Amino acid sequence: MELKFERIAGRSKPFYLLSCGLAGLVAAGVYSTWLMHDQGLHLSGMSSRIPWGLPIVMAIFYIGLSAGSLVISSLYGVFGKLEYKPFARVATYMALLLMIGALLSILTDQGRIDRVVVEPFSHFNFLSMLSINPFLYSSYILICAAYLIVMMAGNEKWTKILALIAVLWAILVHSGTGAIFGFVPRALYNSPLLPPSFVAAALSSGTALMILVILALFRLTGRPLDKAPVLWIGRLLAVLVLIAGYLVLVENAHRLYAHESRAAERFFLLGGAHSLLFWGGLLLVGSVLPLLILFHRRAGASIRWVAVAAVMVVAGVLCERYLIVIPGLAYPPDLFPGWTITQSPIEEGIASYAMSLYEVLQALGVVALMGLLFLWGLRTLRLLPTEARRPTEFPARAVAIGCP
Amino acid sequence: MKRQRRSLIVVALVLMAAPLLYAVLSFAARPAPRPLWLEPPAPNTSCILPTAVIRYDHMQHLKNLRDQVMREGRREELTGARAQGLTSCRGCHAHRERFCDRCHERASVRLDCFGCHVY
Amino acid sequence: MGKTMERRKFLKTGALVGAGAAGAYGLPLLTSLRASAGNALAPSAKCRWGMVIDLTKCPPNCTACVDACKRENNVGSTGDRLRDIYRIRKVTIESTLAVGVAPKAVPLLCNHCDEPPCALVCPIKATYKREDGIVIVDPHRCMGCRYCVIACPYNARHFNFRENDQRPNPAYPKRQRGVAESCDLCAHLLDQGKQPACVAACEGIQAKALCVGNLNDPASEISALIRNHSVKRLREDLGTEPKVFYIGL
């Protein structure tokens with residue numbers, strides 16, 4: 001049976017209502033961004049000690065999600081698995097949108113937006129991760145777009161080549177993003193494990209998001225969907241969550257063990273509200289519970305439970321992104337070993353960060369813009385298949401690995 | 001259906017072109033611009049460069065000076081009439097808003113100088 | 001048959017993914033090799049500015065240097081502890097190792113490292129080390145990414161969160177909101193053969209706790225101070241090679 005892709009009609013009332021709601025959020029985001037730049041970034045919750053806040057947290061969250069989407073599309077593009085072909089176009093489109101969202105988040109976070117499109121491409125410092133990454137990000141967007149175009153044109157040879165390039169590029173992009181933090185000499189940043197752990201968390205969160213997107217799309221548009229490939233993606237998710245969790249575990253165990261980072265790690269594990277995000281958000285909700293669900297014989301074979309696990313993983317990785325950025329900044333460098341600073345005109349010691357409404361609105365605006373582009377992309381591009389059923393000429397692979 | 005879509009495209013194009021059209025038409029309807037009046041420099045002074053050069057190349061000159069002072073730490077050109085760098089012009093052209101700003105406004109040039117430098 | 005084909009394909013792709021990861025690590029590795037080659041000390045330079053702070057001469061409750069710096073460099077202040085800018089600030093430190101040790105007042109400023117982490121991470125070289133060793137922000141270029149603020153292990157960098165309209169010194173520009181800021185050892189004054197504002201202010205109150213001079217000149221006052229006293233630099237273990245020396249820390 002030939003797989004057919006089509007546009008969604010996009011003429012229903014909920015479609016327009018959703019579009020209007022998202023457009024409203026975009027407008028709110030644009031307004032708060034404009035306000036923050038008109039008045040100064042002090043309107044955000046950022047301060048001298050915590051100069052990176054929610055926009056950067058969200059940016060690295062989107063970057064991660066983008067990689068995971070690409071992995072789903074690569075199941076068809078690189079590995080040639082026909083049962084994932086129905087999802088390949090949507091996944092690539094998502095990867096593209098998420099990277100654009102990430103770039104937007106980073107751009108609007110700069111102090112001088114008027115310089116941000118010019119300077120990174122006219123003055124370089126290839127010793128700086130932030131100088132390499134603009135090139136990686138923009139080229140990644142182009143590669144994803146090219147990949148989507150050849151896939152939609154049905155050119156199988158180039159689909160395969162570009163899919164491979166895109167996946168390799170995604171790994172480069174994510175290692176680079178992890179290195180922005182991992183290569184900086186701060187107690188909770190400095191870690192060679194951060195780039196790989198960033199990649200692992202990226203892949204697991206993106207895979208989880210794709211499960212949710214696939215389920216929502218096929219359910220809402222009333223398209224028939226074969227259970228087996230989604231359940232197999234659930235298995236993949238379980239493996240990715242295991243790897244990500246393992247890397248986080250090793251990183252933190254090392255920090256706790258080494259004398260010089262023990263105090264910092266104690267602050268990370270037991271030092272305040274962010275510790276709750278670590279134990280409750282990342283470990284319990286983001287790793288342990290989804291693993292229990294996905295490896296459970298019956299729950300792991302139920303679409304509903306896999307969806308629950310996917311929601312948990314996405315939430316857990318959002319917590320992890322927060323934990324990468326903020327506690328590392330909040331924990332002060334030890335300026336005078338053996339001494340403590342008792343008086344200072346600025347904030348010394350452990351710094352505090354309270355995100356402001358403006359930052360939240362800006363983040364929501366970026367999410368809404370991606371949602372809007374996604375909806376209207378579904379309406380204008382042939383992204384969705386008429387149905388996603390097991391191709392008859394292929395044996396059911398999902399059965400072979402034990403999914404009912 | 002197809003007709004509807006086509007008319008939608010036409011409407012969208014017209015809407016997009018409207019600001020441009022408005023600008024062109026309002027520009028055409030305006031009377032010819034009066035010659036620019038710049039405040040004459042203080043009497044008995046001369047510019048650091050010939051008028052034609054400073055008029056058309058002052059931005060390049062200022063940028064070079066900036067990079068020399070800022071990036072190379074070389075201040076040998078900041079002597080005499082140029083001692084104050086960018087704001088040395090104040091010595092002859094007392095009012096920025098009657099000198100710099102006039103031309104820049106007419107030419108729609110957005111400056112990034114006087115947010116920091118006092119002129 | 002089909003199984004082995006699949007496996008071969010899988011291995012091939014795996015190897016390619018591995019190569020991608022190696023590339024991702026190779027790049028930073030290569031660049032950092034270049035970093036340690038390019039940023040080495042430049043003893044050949046005629047002038048290498050440094051600073052000595054004698055804590056034994058620094059009066060505990062005096063903020064003459066801080067105030068003079070704000071006046072000279074047009075640094076505004078709004079009373080916002082979280083976001084105010086201090087190119088130089090004075091902190092009080094107390095010992096955590098022994099009781100009964102008298103607290104010390106310590107001026108903190110940019111250490112003008114020979115291996116500045118801020119300049120290393122600045123994506124557009126808006127922050128850079130001048131040939132004479134001064135680490136300086138080019139406010140004409142800075143786009144306000146704040147990566148340097150994060151990379152500085154001395155909390156000596158700040159960001160202009162607000163527009164500042166306090167301009168006590170009309171001869172010197174101020175900064176607009178949205179760019180990074182830190183001490184530049186009053187490079188504009190040093191270049192004219194004058195003393196930085198903080199040093200002049202410290203001399204003005206007869207304390208003479210601060211001294212700025214040429215580290216490459218054996219006859220300079222600063223070289224003599226470093227020779228004749230036991231001096232300490234902040235967190236020398238980080239390998240940043242600061243050029244601000246403390247006596248009595």
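A quick note: this is a predicted structure, and the numbers were derived from the prediction, not measured. Letters A, B, ... are given to chains in the order of the sequence lines, protein chains preceding strands, and every chain is numbered from 1.
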Participant: What is the distance from atom CD of A:E119 to atom NE2 of C:H140, rounded to the nearest 0.5 Å?
Facilitator: 11.5 Å
Participant: Which atoms of A:L335 are under 4.5 Å from chain C, going by heavy atoms: the side chain, the backbone, both sets, or neither?
Facilitator: both
Participant: Using non-hydrogen atoms and a 4.5 Å limit, figure out which bit of C:V106 sits close to chain A: side chain, backbone, both or neither.
Facilitator: side chain
Participant: For the residue pair A:S344 and C:R81, what are the closest heavy atoms and their distance?
Facilitator: O-NH1, 2.7 Å
Participant: Do C:K104 and A:F336 touch side chain to side chain, with heavy atoms closer than 4.5 Å?
Facilitator: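 Contact flag for C:K104/A:F336 side chains = no.
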Participant: Which heavy atom in A:E348 sits nearest to a heavy atom in C:V91, and how many Å separate them?
Facilitator: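 That closest heavy-atom pairing would be OE2-CG1, 3.6 Å.
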Participant: Please look at C:L108 and chain A and tell me whether the side chain, the backbone, both or neither of the residue comes under 4.5 angstrom of a heavy atom of that chain.
Facilitator: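 Side chain of C:L108 only, per the 4.5 Å heavy-atom cut-off to chain A.
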Participant: Is A:V184 close to chain C through its backbone or its side chain, or both, or neither, when contacts mean heavy atoms under 4.5 Å?
Facilitator: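 Only the side chain of A:V184 comes within 4.5 Å of chain C.
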Participant: In terms of heavy-atom proximity below 4.5 Å to chain C, should A:P337 be classed as side chain, backbone, both, or neither?
Facilitator: side chain
Participant: For C:Y86, which atoms come within 4.5 Å of any heavy atom of chain A: side chain, backbone, both, or neither?
Facilitator: side chain
Participant: Identify which part of A:M46 has an atom lying under 4.5 Å from any heavy atom of chain C, answering side chain, backbone, both or neither.
Facilitator: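 Looking at A:M46, backbone and side chain both touch chain C.
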Participant: Measure the spacing between CD1 of C:I124 and OG of A:S128 and express it to the nearest 0.5 Å.
Facilitator: 9.5 Å
Participant: Which pair of non-hydrogen atoms, one from C:F161 and one from A:S48, has the smallest distance, and what is that distance?
Facilitator: CE1-N, 3.6 Å
Participant: For chain A, which of C:A126, C:S77, C:A98, C:C142 has the most heavy-atom pairs under 4.5 Å?
Facilitator: C:C142
Participant: Taking side chain as everything from C-beta outward and backbone as N, CA, C, O, which of these in C:L238 sits under 4.5 Å from a heavy atom of chain A? Side chain, backbone, both or neither.
Facilitator: neither
Participant: Going by heavy atoms in the side chains, are C:V101 and A:W339 under 4.5 Å from each other?
Facilitator: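 With C-beta onward as the side chain, the pair touches.
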Participant: Going by heavy atoms in the side chains, are A:H42 and C:T78 under 4.5 Å from each other?
Facilitator: no
Participant: Among C:V149, C:D84, C:N155, C:L97, who wins on heavy-atom pairs under 4.5 Å with chain A?
Facilitator: C:N155
Participant: In this structure, which one of C:C148, C:C145, C:C122 forms a side chain to side chain contact (heavy atoms under 4.5 Å, CB included) with A:L130?
Facilitator: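 So, applying the side chain to side chain contact (heavy atoms under 4.5 Å, CB included) to A:L130 and each of C:C148, C:C145, C:C122, only C:C145 qualifies.
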Participant: At a 4.5 Å cut-off on heavy atoms, which part of A:D334 comes close to chain C: side chain, backbone, both, or neither?
Facilitator: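 Answer is both: backbone and side chain atoms of A:D334 are under 4.5 Å from chain C.
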Participant: Please find the pair of heavy atoms, one from C:I150 and one from A:R186, that lie closest to each other, and give the distance.
Facilitator: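 Smallest interatomic distance, heavy atoms only, reads O-NH1, 2.7 Å.
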Participant: Tell me if the CG atom of A:D38 is crowded by more than 12 foreign heavy atoms within 6.0 Å.
Facilitator: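 Yes - once you tally the heavy atoms of other residues, nucleotides and ligands closer than 6.0 Å, there are more than 12.
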Participant: Run the side-chain contact (heavy atoms from CB on, under 4.5 Å) test against C:E163 and tell me which residues pass, sequence neighbours left out.
Facilitator: C:K174, C:Q176, C:R177
Participant: Tell me whether A:E156 at atom CD has more than 12 heavy atoms from other residues, nucleotides or ligands lying less than 6.0 Å away.
Facilitator: no
Participant: Do the non-hydrogen side-chain atoms of C:R146 and A:D109 ever get within less than 4.5 Å of each other?
Facilitator: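 The answer is yes, as the side chains (C-beta and beyond) meet within the 4.5 Å cut-off.
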Participant: So which atom in A:I346 and which in C:H158 form the shortest heavy-atom distance, rounded to 0.1 Å?
Facilitator: CD1-CE1, 3.9 Å
Participant: Does the side chain of C:V179 come within less than 4.5 Å of A:R115's, by heavy atoms?
Facilitator: yes
Participant: Are side-chain heavy atoms of C:M143 and A:Q110 found at a separation under 4.5 Å?
Facilitator: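 In contact.
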Participant: Under the side chain to side chain donor-acceptor pair (under 3.5 Å) test, which residues partner A:Y140, sequence neighbours left out?
Facilitator: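 Only A:S66 meet the side chain to side chain donor-acceptor pair (under 3.5 Å) criterion with A:Y140.
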Participant: Out of A:F121, A:W52, A:F124, A:W169, which one racks up the most heavy-atom pairs below 4.5 Å with chain C?
Facilitator: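 Most pairs with chain C among the choices: A:W52.
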Participant: Counting only non-hydrogen atoms closer than 4.5 Å, does A:I180 touch chain C with its backbone (N, CA, C, O), its side chain (CB onward), both, or neither?
Facilitator: both
Participant: Can you tell me if OH on A:Y358 sees more than 12 non-hydrogen neighbours from other groups inside 6.0 Å?
Facilitator: no
Participant: Where does A:H37 contact chain C at under 4.5 Å (heavy atoms): side chain, backbone, both or neither?
Facilitator: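 Only the backbone of A:H37 comes within 4.5 Å of chain C.
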Participant: Heavy atoms only: give me the nearest C:L120-A:N125 pair and the separation to one decimal.
Facilitator: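 For C:L120 versus A:N125, the nearest heavy atoms are O-ND2, 3.1 Å.
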Participant: Using 0.5 Å steps for rounding, measure from the OG atom of A:S352 to the CG atom of C:L82.
Facilitator: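 Interatomic distance, A:S352 OG to C:L82 CG, rounded to 0.5 Å: 5.5 Å.
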Participant: A:S74, A:G40, A:P51, A:A170: which one forms the most heavy-atom pairs within less than 4.5 Å of chain C?
Facilitator: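 Top option by heavy-atom pairs under 4.5 Å: A:P51.
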Participant: Give the member of A:P333, A:S131, A:G338 that has the highest number of heavy-atom pairs under 4.5 Å with chain C.
Facilitator: A:G338
Participant: When only pairs under 4.5 Å are counted, which of C:R89, C:R141, C:R235 shares the most heavy-atom pairs with chain A?
Facilitator: C:R141
